Each structure stands twice: as C-alpha cells, then as structure tokens.
> 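Quick one: this structure, given as structure tokens, is what I'll be asking you about.
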Amino acid sequence: MMPMPYRMLSSMALRLNGKLYLFDAGEGTQINWKKARLGVRGLKLIALTHLHADHCLGIPGMMMLKAQMEDPVALDILGPPGTGEFVTQCRKILDFRLNYAVNIIEWSPESTGPAFRDEQARIWWQPVQHSRFCLGYRFEELDRAGKFSPERAQSLGVPMGPLWGRLQKGQRVTTPSNRSVEPSEVLGPPRKGRHVAFVVDTRPTPSVYDLCRQADLAVLEGMFLAEHAEHAEQKGHMTAVEAAALARKSGVARAVLTHISPRYENSDLKQLEEEARREFGNLRVGRDLDTFEVNYPEETGEP
Ligand SMILES: [Zn+2]
Ligand SMILES: [Zn+2]
C-alpha cells in the first residue's frame with residue numbers, strides 16, 4: 001500500500017491470448033510493467049478498484065507508455081464514480097498527447113450485468129467494504145465449446161477435414177450424403193472457462209465471497225498479521241488469515257496475497273504466509289513480478 005524501495009504497489013496484469021487486462025495501477029506501475037516485459041501493444045483495459053492513490057496514480061504513466069507506440073488499440077478504463085473525472089483532469093493538467101481512444105466505464109448503482117465484455121471474457125464488479133467506495137473484480141474467460149468427438153462425426157458421415165473445423169466452431173454442416181449435422185451432435189457439454197478474482201482493500205463482506213466463489217485464482221489483500229487485526233478492522237482491510245479463510249470458504253483453487261502493510265519488511269512475509277497457510281494451504285504471498293499460470297480446471301490435479 002506504499003511504494004517501498006524493495007516492494008512496489010499492488011496490481012495484477014492478466015494476459016489472455018496476447019491481450020492484457022490490468023487491475024489497479026498504483027504509482028510506478030510502468031516500472032514493473034517494463035521489468036515484466038509485458039509489452040504495451042496488448043494493453044486494452046485498466047480496471048480500478050478505487051480512487052486511493054496507491055491504486056490509481058500509475059494511470060497517467062501507463063497511458064503515456066501506451067501512447068509511445070504507433071497505432072495502439074483503444075483503452076477501456078473501468079472504475080468507481082469519479083474515474084472519468086480523474087482521468088480527464090490528469091490529461092488536461094498534464095497535457096499529454098494520446099493517439100488512441102479512451103473509453104471510461106464507471107460503476108453506478110444501476111449497473112447490472114457484466115462491467116465489460118469482449119470476444120473472450122467478461123468482467124464482473126461489486127462494491128466491497130472499505131474506507132471509501134471500492135470495487136472488487138472477477139474476470140471470467142468465456143466457456144469454451146465442448147470436446148469434439150471424431151468417432152461420432154465419422155459415424156454420422158462427416159469426413160475428416162474442413163467440415164470438422166466448422167462443427168468445432170459451432171456451425172451446422174451438410175455431409176457428402178446430404179445429411180445435416182448439428183454441432184451438438186458431435187460436441188460434449190461446454191467446458192468452463194478460467195476465472196480470476198482481484199479483491200483488495202476491503203473487509204471480508206458477502207460480496208467478496210460472491211466475487212471469489214470457485215475462482216481458479218484469487219488475488220486478495222492480506223495486509224496485516226493476525227496480531228494487528230484491530231488495525232485491519234478499523235481501516236477497512238483484511239488480515240492475511242482473514243483473506244485465507246475467505247479463500248477456503250469460497251472454494252477458490254489458489255490464492256495470492258498482496259497489498260502488504262509497509263510496517264512489514266520482506267523478511268516478515270514468511271510469517272504472514274505461514275499464518276495464512278494454516279487456514280488455506282494453496283496460498284502464497286505475492287512478490288514483485290510473480291507470475292501465475294492459470295490452467296483449465298480439467299488440466300489440473302491429474303498428471
Ligand atoms: Zn490500498
Ligand atoms: Zn484503499
């Protein structure tokens with residue numbers, strides 16, 4: 001929550017098929033963005049949890065970084081009410097040049113359905129409970145078509161080749177013997193996409209459980225050791241143990257804790273991690289530039 005010489009602020013870049021979705025951009029985010037060699041071409045969206053400096057001051061830098069390349073794609077910025085004004089004022093006062101469109105999508109009490117949707121994913125948001133209005137996020141990869149059965153296709157008279165590809169894309173085809181075959185005749189049930197939650201700066205409220213439910217990965221704040229639980233409660237934050245209990249109860253597969261209080265040195269992170277792991281084993285305290293691959297549920301577990 002405070003940039004330290006040895007620990008930067010919390011944010012998460014999520015990459016899916018070359019597209020990059022950034023969750024929170026605190027001061028200096030572009031430094032670690034460069035260290036991580038993510039490349040700015042794929043950056044299409046920034047989602048802000050709230051307008052506290054440690055979550056949004058990196059926005060102007062990220063926007064300018066993106067403007068350094070030729071012909072960038074538009075940038076969508078999601079966030080709480082006030083996000084548009086913050087971005088507009090930064091642009092106006094700092095007077096920086098942008099060579100792409102910026103679309104602001106602000107949460108409002110009337111917001112229903114997903115906050116954002118593109119051809120491969122949708123993003124949900126919900127207010128959480130912090131010292132000022134704050135949103136938690138859930139990124140959901142769209143479900144994929146069911147598994148294709150070559151045996152089934154052949155038995156229906158669909159020869160191997162382009163017709164198989166069309167069926168896999170969900171299109172109806174006609175066999176050489178003039179029989180119409182529906183995709184549902186050769187595809188299994190749809191396979192669930194991968195889900196990732198990003199929830200920081202909140203008490204463990206019911207909306208946080210909703211956002212995390214059965215997520216393949218949950219990035220959560222675990223700001224304090226249990227001995228400082230009182231501070232967590234007063235300031236609208238979670239201890240590492242609270243975050244771990246939340247992960248266990250909401251059925252997440254794996255949790256990463258972040259947004260660690262500056263009162264702890266990096267050498268204290270082990271203790272924080274050990275406390276939390278007693279509640280939920282598949283957990284790690286995130287370090288700068290950590291990378292986590294999220295596998296499809298059916299690909300995990302079995303060798
Ligand atoms: Zn914060
Ligand atoms: Zn905050």
Side-chain angles (χ1 to χ4, degrees), residues 10-24 36 38 42-49 78 113-126 128 135-147 187-202 204-222 238 240-260 273 276-303:
S10 302
S11 52
M12 173 180 82
L14 192 154
R15 180 162 54 192
L16 181 60
N17 299 322
K19 290 197 171 143
L20 287 153
Y21 308 79
L22 176 64
F23 292 81
D24 275 347
L38 290 166
L43 177 63
K44 62 173 289 175
L45 177 142
I46 301 176
L48 292 181
T49 57
L78 273 57
F116 176 85
R117 188 185 178 113
D118 63 13
E119 70 294 342
Q120 59 177 359
R122 55 192 174 188
I123 297 173
W124 299 87
W125 51 9
Q126 280 208 48
V128 295
L135 293 160
Y137 287 96
R138 181 181 175 97
F139 181 98
E140 295 187 349
E141 180 186 21
L142 300 184
D143 289 348
R144 295 163 302 145
K147 215 171 172 174
L187 298 177
R191 289 172 291 176
K192 192 174 154 282
R194 293 162 290 184
H195 297 185
V196 175
F198 183 80
V199 180
V200 292
D201 292 38
T202 180
T205 57
S207 60
V208 177
Y209 281 84
D210 277 353
L211 290 162
C212 292
R213 190 156 294 126
Q214 310 291 329
D216 299 290
L217 175 70
V219 175
L220 306 166
E221 78 154 344
M238 285 192 285
V241 171
E242 283 172 327
L246 168 91
R248 178 172 53 74
K249 290 181 204 158
S250 55
V252 313
R254 184 164 44 151
V256 175
L257 301 189
T258 182
H259 200 274
I260 310 300
E273 204 161 53
R277 277 189 185 151
R278 270 177 243 136
E279 276 293 335
F280 180 67
N282 200 5
L283 172 149
R284 176 180 160 82
V285 173
R287 272 71 169 181
D288 282 30
L289 302 172
D290 264 355
T291 305
F292 301 91
E293 194 158 324
V294 183
N295 296 311
Y296 287 109
E298 65 264 32
E299 287 167 12
T300 51
E302 297 298 315

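All residue numbers in this chain count up from 1 along the given sequence. Just so it is clear, the structure is predicted and the values come from calculations on it, not from any experiment. Reckoned from all heavy atoms, side chains included, excluding hydrogens, waters and symmetry mates.
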> With sequence neighbours left out, what residues match Ser11 under side-chain contact (heavy atoms from CB on, under 4.5 Å)?
Leu22, Asp24, Thr29

> Does some side-chain heavy atom of Met238 sit less than 4.5 Å from a side-chain heavy atom of Asp201?
no

> Using the test ring-ring contact (aromatic ring centres under 6.0 Å, His included), find all partners of His195 that sit at least two apart in sequence or belong to another chain.
none

> Flag the pair Val128 / Leu135 as yes when at least one side-chain heavy-atom distance between them is below 4.5 Å, and no otherwise.
no

> Judged by modelled atom types alone, do Arg194 and Tyr296 share a side-chain donor-acceptor pair under 3.5 Å?
yes

> Would you say Gln214 and Val252 make side-chain contact, with heavy atoms under 4.5 Å?
no

> Please enumerate all residues that pass side chain to side chain donor-acceptor pair (under 3.5 Å) together with Ser250, with sequence neighbours excluded.
none

> Any salt bridge (charged side-chain N to carboxylate O under 4.0 Å, His left out) involving residues 276-286? Give me the pairs, sequence neighbours left out, ordered by first then second residue.
Arg248-Glu279, Glu273-Arg277, Arg284-Asp290

> Tell me, please, which residues at least two apart from Tyr137 pass ring-ring contact (aromatic ring centres under 6.0 Å, His included).
Phe23

> Who are the side-chain contact (heavy atoms from CB on, under 4.5 Å) partners of Asn282, not counting sequence neighbours?
Arg254, Phe280

> Sequence neighbours left out, what passes side-chain contact (heavy atoms from CB on, under 4.5 Å) with Ala253? Give chain and number order.
none

> Restricting to side chain to side chain donor-acceptor pair (under 3.5 Å), what partner residues turn up for Ser10, sequence neighbours left out?
Thr258

> How about Val199 and Val219: do any of their side-chain heavy atoms sit closer than 4.5 Å?
no

> Using the test salt bridge (charged side-chain N to carboxylate O under 4.0 Å, His left out), find all partners of Arg15 that sit at least two apart in sequence or belong to another chain.
none

> Could you list the residues that satisfy side-chain contact (heavy atoms from CB on, under 4.5 Å) with Ala36, not counting sequence neighbours?
Leu38, Leu289

> Who pairs with Glu119 by salt bridge (charged side-chain N to carboxylate O under 4.0 Å, His left out), at least two apart in sequence or on another chain?
Lys19

> Using the test side chain to side chain donor-acceptor pair (under 3.5 Å), find all partners of Asp288 that sit at least two apart in sequence or belong to another chain.
Asn32

